Colleague: 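The structure under discussion is supplied below as structure tokens; questions concerning it will follow.
Predicted model, so just to flag it, every value in this text is computed and none were measured. Atom set for the values below is all heavy atoms of this structure, side chains included, hydrogens, waters and symmetry mates excluded. Numbering starts at 1 and runs along the sequence shown.
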Amino acid sequence: MTQCAMASREAGFRSLMARFATGVTVVTSVGPSGPAGMTANAVASLSLDPLLVMVGFELQSRTLAAVRQSGLFAVNVLASHQEEVSRVFAGKQPEAEKFAGCAHGKCLGVPVINGALAWLCCQVDAIYPGGDHVIVVGNVLEMGGNGGEPLLFYGGDYRRLDSTSGADRLRDVDQRARPGRIVR
């Protein structure tokens, strides 16, 4: 297969997968250099007995390195007002900078983001290869949440539920309503 054909397949795949609406999470852990975190939407529940979740990590992810070292991670499900938190953790800046402006507590020593819609604190159960990613299965040890509306990702952009008409429908996030700073 030629490079051009491969790029075309990758672009097509990305375009098709953009049609799958997902929640937005920040996955956190702690390693020798301190806390680490990344925005992720490759997250899913896996099992009720035992309670398991799975997360896709890019092989070069600094957060994956922290997860491998500590054996622990948290999945923070972001609320509709936390788009800026998602953007910060999607960036490549140093981990200390990401956490400096983001209020968080700890669960089993792992950062849990304040104001998150829900959070799950997990112990690594298994790691499986997945192309340029790995799939980490976590055993849920603790969980909690605040309720509210979720931050969603669809079609390459942030969305939120529109419940003003009584029926929950996706709509674009109003950029003017976005908070000017990270939720504290």
Colleague: Looking at every non-hydrogen atom in both residues, tell me the closest pair between Gly115 and Ala79 and how far apart they are.
Modeller: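 Of all heavy-atom pairs spanning Gly115 and Ala79, the closest is O-CB, 3.9 Å.
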Colleague: List, by chain and then residue number, the residues other than Trp119 in its hydrophobic cluster (Ile/Leu/Val/Met/Phe/Trp/Tyr, side-chain heavy atoms under 4.5 Å); write none if there are no others.
Modeller: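 The other cluster members (ILVMFWY side chains, heavy atoms under 4.5 Å, direct or chained) are Val112.
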Colleague: Measuring only between side-chain heavy atoms, which start at C-beta, is Val26 closer than 4.5 Å to Lys98?
Modeller: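 No - every pair of side-chain heavy atoms lies 4.5 Å or more apart.
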Colleague: Could you tell me whether the side chain of Cys102 reaches within less than 4.5 Å of the side chain of Val88, counting heavy atoms only?
Modeller: no
Colleague: Can Leu52 be reached from Val67 by stepping across I, L, V, M, F, W or Y side chains whose heavy atoms are under 4.5 Å apart?
Modeller: no
Colleague: Give the intermediate values and the outcome of side-chain contact (heavy atoms from CB on, under 4.5 Å) for residues Val53 and Leu46.
Modeller: CA-CA 5 Å; Val53 297; Leu46 180 61; 5.8 Å; no
Colleague: Compare all side-chain heavy atoms of Thr63 with those of Phe89 and state whether any distance is below 4.5 angstrom.
Modeller: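 Result no, sub-4.5 Å side-chain heavy-atom pair not found.
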Colleague: Which heavy atom in Ser29 sits nearest to a heavy atom in Pro111, and how many Å separate them?
Modeller: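 It is O-CD, 3.5 Å.
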Colleague: Is it the case that more than 12 heavy atoms not belonging to Gln93 sit under 6.0 Å from its CD atom?
Modeller: yes
Colleague: Test your reading of the model: is there a side-chain donor-acceptor pair from Arg19 to the backbone of Ser15, 3.5 Å cut-off?
Modeller: yes
Colleague: If Ile, Leu, Val, Met, Phe, Trp and Tyr residues are connected whenever their side-chain heavy atoms lie under 4.5 Å apart, and connections chain through other members, are Val27 and Met143 in the same group?
Modeller: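 In one cluster: yes.
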Colleague: Would a hydrophobic clustering, with Ile, Leu, Val, Met, Phe, Trp and Tyr connected at side-chain separations under 4.5 Å, put Leu120 with Leu51?
Modeller: yes
Colleague: Might you point out which heavy atoms bring Pro150 and Leu161 nearest each other, and give the distance in Å?
Modeller: CD-CD1, 3.9 Å
Colleague: Check Ser61 against Met38 and note the closest heavy-atom contact, atom names and distance.
Modeller: OG-SD, 3.6 Å
Colleague: Which heavy atom in Leu151 sits nearest to a heavy atom in Ser86, and how many Å separate them?
Modeller: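 Between these two residues, the closest heavy atoms are CD2-CB, 4.1 Å.
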Colleague: Between Glu97 (side chain) and Pro94 (backbone), is there a donor-acceptor pair under 3.5 Å?
Modeller: no
Colleague: Hey, is the main chain of Arg160 close enough, under 3.5 Å, to the side chain of Ser80 for a donor-acceptor pair?
Modeller: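 Not at all, since once roles are kept as given, no pair shorter than 3.5 Å links the two residues.
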Colleague: Hydrophobic cluster membership, with links at side-chain heavy-atom distances under 4.5 Å among I/L/V/M/F/W/Y: are Tyr128 and Phe73 in one?
Modeller: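 Cluster IDs for Tyr128 and Phe73 differ.
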Colleague: To the nearest 0.5 Å, tell me how far Glu84 CD sits from Tyr158 OH.
Modeller: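 Between atom CD of Glu84 and atom OH of Tyr158 there are 8.5 Å.
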Colleague: Same cluster or not: Val140 versus Val75, using hydrophobic residues (I, L, V, M, F, W, Y) connected whenever any side-chain heavy atoms lie under 4.5 Å apart?
Modeller: yes
Colleague: Main chain of Ile113, side chain of Asn76: is a donor-acceptor contact present, judged purely on distance under 3.5 Å?
Modeller: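 Flag set: sc Asn76 to bb Ile113 pair under 3.5 Å.
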Colleague: For Glu58 versus Leu64, what's the shortest heavy-atom pair and its separation?
Modeller: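 Heavy-atom minimum between the residues: O-CD2, 3.6 Å.
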Colleague: Against Met54, only a single residue in Ile135, Val43, Val136 fulfils side-chain contact (heavy atoms from CB on, under 4.5 Å); can you say which?
Modeller: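 Single pass found, and it is Ile135.
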Colleague: Return yes if some donor-acceptor pair links the side-chain N/O of Glu95 with the main-chain N/O of Gly37 below 3.5 Å, else return no.
Modeller: yes
Colleague: Heavy-atom distance under 4.5 Å between the side chains of Ile127 and Phe57, does that happen here?
Modeller: no
Colleague: Between Ser70 (side chain) and Leu72 (backbone), is there a donor-acceptor pair under 3.5 Å?
Modeller: yes
Colleague: Passes side-chain contact (heavy atoms from CB on, under 4.5 Å), Thr22 versus Leu152? Steps please.
Modeller: CA-CA 6 Å; Thr22 64; Leu152 303 174; over 6 Å; no
Colleague: For atom CG of Leu16, is the number of surrounding heavy atoms from other residues, nucleotides or ligands below 6.0 Å larger than 12?
Modeller: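 Count over threshold, so yes.
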